[in-house]
Amino acid sequence: MYFRYCILIVFSVLCLTACRTDEVIYPSEVESVAVTDDGSAMGLYLLNEGNMGSNKATIDYLSFGDGTYTRNLYGERNPQVVKELGDVGNDLQIYGNRLYAVINCSHKVEVMDLHSCKRIGQVDIPNCRYIQFYEDKAYVSAYVGPVGIDPNAQQGAVYEVDTATLRIDRKVTVGYQPEQLVVTKDYIYVANSGGYRAPDYDSTVSVINRLSMKQVRKLPVAINLSQLHQDRYGQLWVVSRGDNGREPAKLFVLKDEQVIDTLDIQCRNICMAGDSLYYFGMALSGEKTYGIINVRTHEVLPMEWITDGTELQVPYGLLVNPINKDVYVTDAKNYVSSGLLLCFSAKGELRWKVRTGDIPACMCLVAR
């Protein structure tokens with residue numbers, strides 16, 4: 001009996017490691033969530049960062065149809081991929097029938113089928129950060145240089161990728177440690193952080209001529225820029241993270257490549273939905289704020305999008321359903337163990353919550 005037991009254990013281990021040698025396997029897990037399917041979307045993908053160096057970036061998926069939440073879907077659907085998704089998931093976007101995950105410290109953009117999450121291919125880009133699309137091209141911001149604080153860290157770049165062939169067509173050098181970007185018909189705007197060069201941060205938004213793929217100018221804004229979004233009025237909203245209290249975080253509005261407004265708001269994350277910009281912030285004291293801004297008037301509305309007293313330990317990712325105005329927010333907890341995904345109604349009341357992977361970061365809705 002003991003011998004048969006040992007044979008069974010050995011066989012099980014061989015099955016698990018046949019395709020992925022010398023690594024830990026993180027199998028998928030399935031849980032039921034009490035969601036209401038109102039027809040506004042098919043489901044929601046969530047990219048978990050995982051701790052740097054742990055190779056634990058994962059993708060979760062919530063089906064609104066049957067309320068099934070699957071953790072580590074990518075690992076289950078792609079058993080042949082060595083090291084699974086990779087190290088530090090930084091951005092997740094949908095374009096056409098494909099899902100694109102930017103895996104920062106694995107220096108790649110992972111490309112998957114939208115509906116099956118099966119791997120199509122990858123694009124190798126050093127220290128990549130964020131991705132956006134325009135006319136069958138993907139544009140990816142990248143720090144380019146090695147990971148780590150360095151006063152001599154090199155300038156970053158934006159790469160243009162053909163979405164049909166997954167080949168890099170062109171690249172352009174921009175500012176230091178570029179983060180989020182906005183792509184329009186004629187221009188690409190990218191927020192430069194200079195985070196590796198702290199406290200000598202960058203403070204500019206690079207403007208790239210999309211047709212020539214040349215940087216044409218830099219717009220001075222504020223130090224340590226991170227998130228960048230465009231509203232329906234052509235305004236750019238850019239977050240400055242400041243400098244750990246020495247210089248406060250703020251939110252800036254740009255129009256016609258000029259700063260036209262400054263809001264003294266401590267933003268960690270922002271999300272656009274129609275005329276509303278949703279944000280949350282967390283002060284050094286740990287105090288959290290949740291608010292909404294009218295992007296047409298720049299008015300900070302006298303309301304929060306959590307109204308029922310729900311407490312989050314470390315709010316991290318943010319997404320708003322543009323149809324029913326449900327708000328999805330993630331809680332990174334202690335950054336080393338499973339986080340949470342929570343859904344709040346348009347009235348700010350908790351609908352449901354579910355356990356995620358480590359450091360749940362980016363989300364995107366799958367349209368019907």
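Computed from heavy atoms alone, side chains included, the values below leave out hydrogens, waters and symmetry copies. All values derive from a computational prediction rather than experimental measurement.
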Taken in chain and number order and not counting sequence neighbours, the residues that satisfy side-chain contact (heavy atoms from CB on, under 4.5 Å) with Tyr176 are Gln155, Arg197, Asp202
Please say whether more than 12 non-hydrogen atoms of neighbouring residues, nucleotides or ligands are located less than 6.0 Å from NZ in Lys288.
-> yes
How long is the span from the CD1 atom in Ile223 to the CZ atom in Arg241, to the nearest 0.5 Å?
-> 10.0 Å
Nearest-0.5 Å distance, CD of residue Gln227 to CE of residue Met272 | 10.0 Å
Start with the C-alpha distance between Ile103 and Val88, add both sets of side-chain angles, then the distance that settles side-chain contact (heavy atoms from CB on, under 4.5 Å), and finish with yes or no.
-> CA-CA 6 Å; Ile103 312 300; Val88 185; 5.7 Å; no
To the nearest 0.5 Å, how far apart are CG in Leu62 and OG1 in Thr68?
-> 8.5 Å
Pair Glu29-Arg355, salt bridge (charged side-chain N to carboxylate O under 4.0 Å, His left out): steps then yes or no = CA-CA 10 Å; Glu29 300 175 336; Arg355 181 171 62 86; 2.9 Å; yes
Any luck finding a side-chain donor-acceptor pair between Asn192 and Thr204 under 3.5 Å?
-> yes
Hydrophobic cluster membership, Leu47 vs Leu319, 4.5 Å side-chain cutoff = no
Residue pair Ile125 / Val161, side-chain heavy-atom distance below 4.5 Å | yes
Here the pair of heavy atoms bringing Val366 nearest to His115 is CG1-CE1, 4.5 Å
How about Gln235 and Arg232: does a side-chain donor come under 3.5 Å of a side-chain acceptor?
-> no
Distance-only polar pair, side chains of Thr70 and Asp60, donor-acceptor under 3.5 Å = no
Any donor-acceptor pair under 3.5 Å linking the side chain of Asn224 with the backbone of Gly242?
-> yes
Separation between OG (Ser276) and CH2 (Trp305), nearest 0.5 Å, reads 13.0 Å
Where Ala57 and Gly89 come nearest, the two heavy atoms and their spacing = CB-N, 3.7 Å
Nearest 0.5 Å, what's the CG-CG distance between Asp162 and Asp136?
-> 7.5 Å
Decide whether Met42 and Ile59 are clustered together by the hydrophobic rule: side chain heavy atoms of Ile, Leu, Val, Met, Phe, Trp, Tyr closer than 4.5 Å, transitively.
-> yes
Rounded to the nearest 0.5 Å, the NZ atom of Lys250 sits from the CG atom of Leu225 at a distance of 12.5 Å
Is there a donor in the side chain of Asn55 and an acceptor in the side chain of Asp87, or the other way round, less than 3.5 Å apart?
-> no
Under-4.0 Å salt bridge between Asp358 and Lys56 | yes
May I ask you to decide whether Arg210 forms a salt bridge with Asp186, counting only side-chain N to carboxylate O separations under 4.0 Å?
-> no
Leu340 side chain near Lys333 side chain, heavy-atom distance below 4.5 Å | yes
Is there a side-chain contact between Tyr279 and Ile293, using heavy atoms and a 4.5 Å cut-off?
-> yes
Are any side-chain N or O atoms of Ser203 and backbone N or O atoms of Ala222, one a donor and one an acceptor, separated by less than 3.5 Å?
-> no
Would you verify whether the NZ or CZ of Arg368 falls within 45 degrees of the ring axis of Phe64 while also being under 6.0 Å from that six-membered ring's centre?
-> no
Identified ring-ring contact (aromatic ring centres under 6.0 Å, His included) counterpart of Tyr100 within the set Tyr130, Tyr139, Phe133 = Phe133
Side-chain donor/acceptor of Asn104 to backbone N/O of Arg129, under 3.5 Å | no
Linking I/L/V/M/F/W/Y whenever their side-chain heavy atoms sit closer than 4.5 Å, directly or via other members, would Ile131 and Tyr134 fall into one cluster?
-> no
Could you give me the CA-CA distance, side-chain angles and deciding distance for Glu31 and Arg71, then say whether salt bridge (charged side-chain N to carboxylate O under 4.0 Å, His left out) is met?
-> CA-CA 8 Å; Glu31 181 177 341; Arg71 286 180 283 272; 3.0 Å; yes
Judged by modelled atom types alone, do Ser40 and Asn321 share a side-chain donor-acceptor pair under 3.5 Å?
-> yes
Examine Tyr143 together with Tyr196 and report whether their ring centres are nearer than 6.0 Å.
-> yes
Donor-acceptor pair, side chain of Ser106 and main chain of Lys108, under 3.5 angstrom | no
Does any non-hydrogen side-chain atom of Pro315 lie less than 4.5 Å from one of Tyr290?
-> yes
Heavy-atom donor-acceptor pair, Ser193 side chain to Gly195 backbone, under 3.5 Å = yes
Minimum side-chain heavy-atom gap Val109-Gln122 below 4.5 Å | no
Distance-minimising heavy-atom pair for Asp113 and Ile120 | N-CD1, 3.5 Å
Side-chain (Asn294) to main-chain (Thr297) donor-acceptor, under 3.5 angstrom | yes
Under 4.5 Å between any side-chain heavy atoms of Gln230 and Val182, yes or no?
-> yes
For side-chain contact (heavy atoms from CB on, under 4.5 Å), just list the numbers for Gln132 and Gln93, CA-CA rounded to whole Å, side-chain angles, deciding distance to a tenth of an Å, and then say yes or no.
-> CA-CA 8 Å; Gln132 287 293 317; Gln93 298 291 337; 3.8 Å; yes
If we ignore angles and hydrogens, is there a donor and acceptor under 3.5 Å between the side chains of Asp331 and Tyr316?
-> no
Residues Glu349, Arg351; criterion salt bridge (charged side-chain N to carboxylate O under 4.0 Å, His left out); working and verdict = CA-CA 6 Å; Glu349 299 168 345; Arg351 288 189 184 275; over 6 Å; no
Would you sort out whether Glu110 and Arg98 count as a salt bridge (charged side-chain N to carboxylate O under 4.0 Å, His left out), showing the intermediate values?
-> CA-CA 10 Å; Glu110 189 78 4; Arg98 292 181 175 182; over 6 Å; no
Return yes if some donor-acceptor pair links the side-chain N/O of Thr307 with the main-chain N/O of Lys347 below 3.5 Å, else return no.
-> yes
Side chain to side chain, Ile270 and Tyr278, heavy atoms closer than 4.5 Å | no
Establish whether Leu254 and Tyr189 are linked, either directly or via other cluster members, by ILVMFWY side-chain heavy-atom contacts under 4.5 Å.
-> yes
Going by atom types only, do Glu179 and Ser226 share a side-chain donor-acceptor pair under 3.5 Å?
-> no
Hey, any chance Val253 and Val205 share a hydrophobic cluster, counting ILVMFWY side chains that come within less than 4.5 Å of each other, even indirectly?
-> no
Would you say Lys214 has more than 12 foreign heavy atoms packed within less than 6.0 Å of its NZ?
-> no
side-chain contact (heavy atoms from CB on, under 4.5 Å) assessment of Leu236 paired with His229 = CA-CA 6 Å; Leu236 295 175; His229 293 259; over 6 Å; no
Measure the shortest side-chain to side-chain distance between Tyr45 and Leu114 over non-hydrogen atoms and say whether it is less than 4.5 angstrom.
-> yes
Only one of Asn72, Thr356, Asn48 passes side chain to side chain donor-acceptor pair (under 3.5 Å) with Thr58, and that residue is Asn48
Run the numbers on Leu263 and Val300 for side-chain contact (heavy atoms from CB on, under 4.5 Å), then give the verdict.
-> CA-CA 9 Å; Leu263 288 77; Val300 181; 4.0 Å; yes
Decide whether Asn51 and Tyr335 meet the rule of one side-chain donor and one side-chain acceptor closer than 3.5 Å.
-> no
